[in-house]
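For reference, positions follow the sequence shown, starting with 1.
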Amino acid sequence: QPFWLHRLWPELPVQCLAGMANKPVAATTGEEGEEELPPFESIDFTDLHEFIETARAGGDGSDEADPVAVALKRGVQETNRVAADIDGQLERLEGESVADYVACFQSFEDLHQEIVATDAVLEKMERMLGTYQYDLSGISDEIQILQGDSQQMNMKLRNRRALQKLMNEYVSSVVVSPQLIRCICEEEINEEYLGHLTELNKKLDHVTQIDMQNLPSCAQSTPELERLRTKAVARIKEFLMQKINALKKPKTNLQIIQRNVLVRYKLFTQFLAEHHAAVADEVKLHYVTTMSAVYLKQFRTYVSCLQKLELENGPTRADTLVSDQWQTAGNPMSLLNQFGFGGKTVNIKDKGNVFALSGRNTILKELDKDPIIAHSTQNKVKYYHEQLFRSHQKKLMDKAISELRFLCDFFNTHDAPMLLHEVLRMTKQNLLDSLKEFLPGCWDSVGLLLMIRIVESCRKYMQGQQVTCLDSYFDALQQQLWPRLECILKENTASLRKATQQGLTKPSNNTHGHLVTRRYAELAASLHALSTSESSLAEVEKPLQSMQVEARNLLETIASKIEGPETNAFIFLVNNCDLVLAIFDERHLQQSAKACFDELWREQVQKFVESQLKLHFADLVSFVTATEPLVQGLDENSARASVDVLRMDQVVRSFAHSWKQKKDCIHQNLMKSVQNLSTAMRIMQQVLEQLLHYHERLCSITNTCFSQQPPFQSELVNKMDIFREIKQYSVSF
């Protein structure tokens, strides 16, 4: 801290003086300019200001009284004194340093001598390290020489080992050991025999190479290897023939023998194919012949057993839409005989449903189920033929897939599909022949279309399994099924046409739905429901259209021969059309399939409505029909002159007194004649709507003739009354 500041104000606190010593202060010197001092910390000058103020207050105004001047003066003096003290201290310290150096001289001399000795030792070590370096360079050269020698030795060792391996392979490939001869010729053929056969195969492959045939050692071993090859081929052939013949045993699980026995020895077939193609072909032929006979026998037994489970009384020629056994006169006994009530009774369970689906289409959702077990006859369940047909195809597909996989594994050949075709050729032909025998006596069109759908599904399934060897078989099935189905549909259509020509009448002349109508509706709905694919729909659509036309013609012919009022014919057609439409709606058929009978229904309903109105409201209908043209466009006077007002009054009064009773009469007639309650309500509603239309026309005529209220105004029925009646019959059933 500045000495002058302490001497000037000795009473200042030490912290204040220390702080002032660290702050920059501009000191005035003899030269112009400022000297920048080290930075000071912040100082509290409160005491200093108080001291200066005190000094000024006690001074006399002279320079000596100025505290700053006094402080500067004392500071210069003190600086000189301090500088003199410092010089003295430096001289004293210099003398002490010289004395210390003189006292330590001996130590410096000893240190010098030690440094000289150390230099001598380091020089000696340098010479020794140089010698070591020279020796190491020589050792490095020797190591490089040794490395080169080691590489040469390693190369020689690898070459010798490669040669040894090659020679071992060569020797092992040309030398026929007695043990190998004994194993090939005498040992039992089992899985260990496969190893010996593999060794023999390698030797045969080696000696047959072109480069080895000219070597003497190979020439000596070749005859012995040929004898071993011949012996191995003979033993393998005999072994495979025995295993294949084992497949002929009754009640043998073919898949177990194929997978657990034959596939384990598939190396035998590869050996035969490489070293004796004729024997390999002989083994293949024997396998194909054996399995073809085995599968044929299995399927014959299976088909014959399943035939016992078929419905006993299947559809016959009499089960067309119109049977030839029906008498055109409509004798009820012929119908009873047809259904078994007049003679021998037939159980419905044994006959099945010929025309309706009745759940038969569920088989299309069960194609992946296991085939029917032929000997499970404990519950004596009877099946439709399409169910047995599905089991035939399912069993055949399972056999084909399993057999194809086995052929690919066992014979390891690309002609496995051809082998499979030969294996199953007789079986497929047998199934086709059995179908060919069945079809002439088949009159079940629903069953045939189901069988066609089953074939289509089977084809898609096999294509998904990437097995195409049954495509030709499926084509043959389709070629047999479609013509027979078309023939049956033509026969049904012809039966309708024949019935129309011969004048088939309605038994007892009632107006209920005809049996032919129900048969046709069930058959057409079933065929439409099953014809979901484009191919099926295209084949069936044309016969169904022809059948529809003939069915409509037959109904119209029967209606024309019904005795009694004309309305009976209308009701008959309405009931039959309603029956057809109801069955079609149950099957959710498209509108195009229902359009024909829907149009006929509407036409007959309209005729019935008009006939009922003419019958029960004859005065109203005739008056309105005759008078309306006369008053059209005329004024009141002219219109009144043209109209029989007295008759108008009678018509109005008669209608007002009797329209409800006549309405009830029509309603009762509908309830008795129309089978469907909902249809009866709809027809009754249309009758009332048409009646309201005639009533409005009558009111229009009266308004034309009378601008004011007519004299019979009170007798006119309020149309709201008719509206309420219409609403009453608008309830949905």
*Let me see the working for D141 and Q144 under side-chain contact (heavy atoms from CB on, under 4.5 Å), right down to the final yes or no.*
CA-CA 5 Å; D141 295 338; Q144 291 179 357; 4.3 Å; yes
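- Both tests do not hold together for K399 against Y295: distance to the six-membered ring centre under 6.0 Å, angle to the ring axis within 45°.
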*Determine, stepwise, if the pair I244 / M291 fulfils side-chain contact (heavy atoms from CB on, under 4.5 Å).*
CA-CA 8 Å; I244 293 173; M291 293 307 298; 5.9 Å; no
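- Contact check for F268 versus I189: side-chain heavy atoms found under the 4.5 Å cut-off.
- Comment: E238 does not engage R235 in a salt bridge, judged by the lack of any side-chain N to carboxylate O separation of less than 4.0 angstrom.
- For the residue pair L420 and A400, the shortest heavy atom distance occurs at CD2-O, 3.6 Å.
- Note that CD of Q480 is 4.5 Å distant from CG of L435, once rounded to the nearest 0.5 Å.
- Classification of the F271-H275 ring pair by plane angle, with boundaries at 30° and 60°, yields tilted.
- With respect to K460 and E456, no salt bridge is recorded, no charged nitrogen being found less than 4.0 Å from a carboxylate O.
- Nearest heavy atom pair, residue L247 against residue V294, reads O-CG2, 3.8 Å.
- Closest approach of I401 and Y461 over heavy atoms only: CD1-CE2, 3.9 Å.
- Within the 4.5 Å cutoff, no side-chain heavy atoms of E188 are placed close to those of Y193.
- In this model, no donor atom of one side chain and acceptor atom of the other lie less than 3.5 Å apart for D85 and Q89.
- Between Y287 and F410, the two ring planes are tilted [angle within 30° to 60°].
- A heavy-atom distance below 4.5 Å is not found between the side chains of I236 and F239.
- Taking the side chain as every heavy atom from C-beta outward, Q151 and M155 never approach each other to under 4.5 Å.
- Distance check, rounded to the nearest 0.5 Å: CG of L485 to CD of Q478 gives 10.5 Å.
- Atom CD1 in I181 sits 12.5 Å away from atom NZ in K231 (nearest 0.5 Å).
- The closest donor-acceptor contact from the side chain of R390 to the backbone of K369 lies under 3.5 Å.
- Side chain of T289 to main chain of L285: a donor-acceptor pair is present (N/O by atom type, distance under 3.5 Å, no hydrogens or angles).
- A donor-acceptor contact shorter than 3.5 Å links the side chain of R264 to the backbone of N260.
- The shortest non-hydrogen separation linking F299 to H392 is CE2-O, 4.0 Å.
- The backbone N or O of L146 lies less than 3.5 Å from no partner atom in the side chain of S150, so there is not a single donor-acceptor pair.
- In terms of modelled atom types and a separation under 3.5 Å, the side chain of R453 and the main chain of L530 share a donor-acceptor contact.
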*For E114 and L111, run side-chain contact (heavy atoms from CB on, under 4.5 Å): C-alpha distance rounded to whole Å, both residues' side-chain angles, the deciding distance at 0.1 Å, then the answer.*
CA-CA 5 Å; E114 290 178 0; L111 178 61; 4.3 Å; yes
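- Between M451 and L448 there is a side-chain heavy-atom pair separated by less than 4.5 Å.
- The minimum heavy-atom distance linking C408 with A416 is given by the pair SG-CB, 3.6 Å.
- Other residues, nucleotides and ligands contribute only 12 or fewer heavy atoms inside 6.0 Å of the CD atom of Q179.
- E192 CD: 12 or fewer foreign heavy atoms inside a 6.0 Å radius.
- Salt bridge present: E96 and R92 bring a charged side-chain N and a carboxylate O closer than 4.0 Å.
- Atom CZ of R160 sits in a sparse spot, with 12 or fewer heavy atoms from other residues, nucleotides or ligands closer than 6.0 Å.
- Counting heavy atoms from C-beta on, the side chains of V423 and F406 never come closer than 4.5 Å.
- Contact of the S531 side chain with the L449 side chain is registered, since non-hydrogen atoms from C-beta on lie closer than 4.5 Å.
- Residues L367 and I454 meet the side-chain proximity criterion, which asks for heavy atoms closer than 4.5 Å.
- Between the CG atom in L404 and the CG atom in D409 there is a gap of 9.5 Å [rounded to 0.5 Å].
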*Take E123 and R127 through the salt bridge (charged side-chain N to carboxylate O under 4.0 Å, His left out) test and state the conclusion after the steps.*
CA-CA 6 Å; E123 184 179 359; R127 290 196 298 272; 3.7 Å; yes
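- Note that CG of D119 and NZ of K124 are 15.0 Å apart. Values are rounded to the nearest 0.5 Å.
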*Take F389 and L477, measure what side-chain contact (heavy atoms from CB on, under 4.5 Å) needs, and give me the verdict at the end.*
CA-CA 11 Å; F389 181 79; L477 290 177; 4.0 Å; yes
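- Considering every non-hydrogen atom in both P371 and K395, the closest pair reads CG-N, 3.9 Å.
- With rounding to the nearest 0.5 angstrom, the SG atom of C185 is 10.0 Å from the CZ atom of R227.
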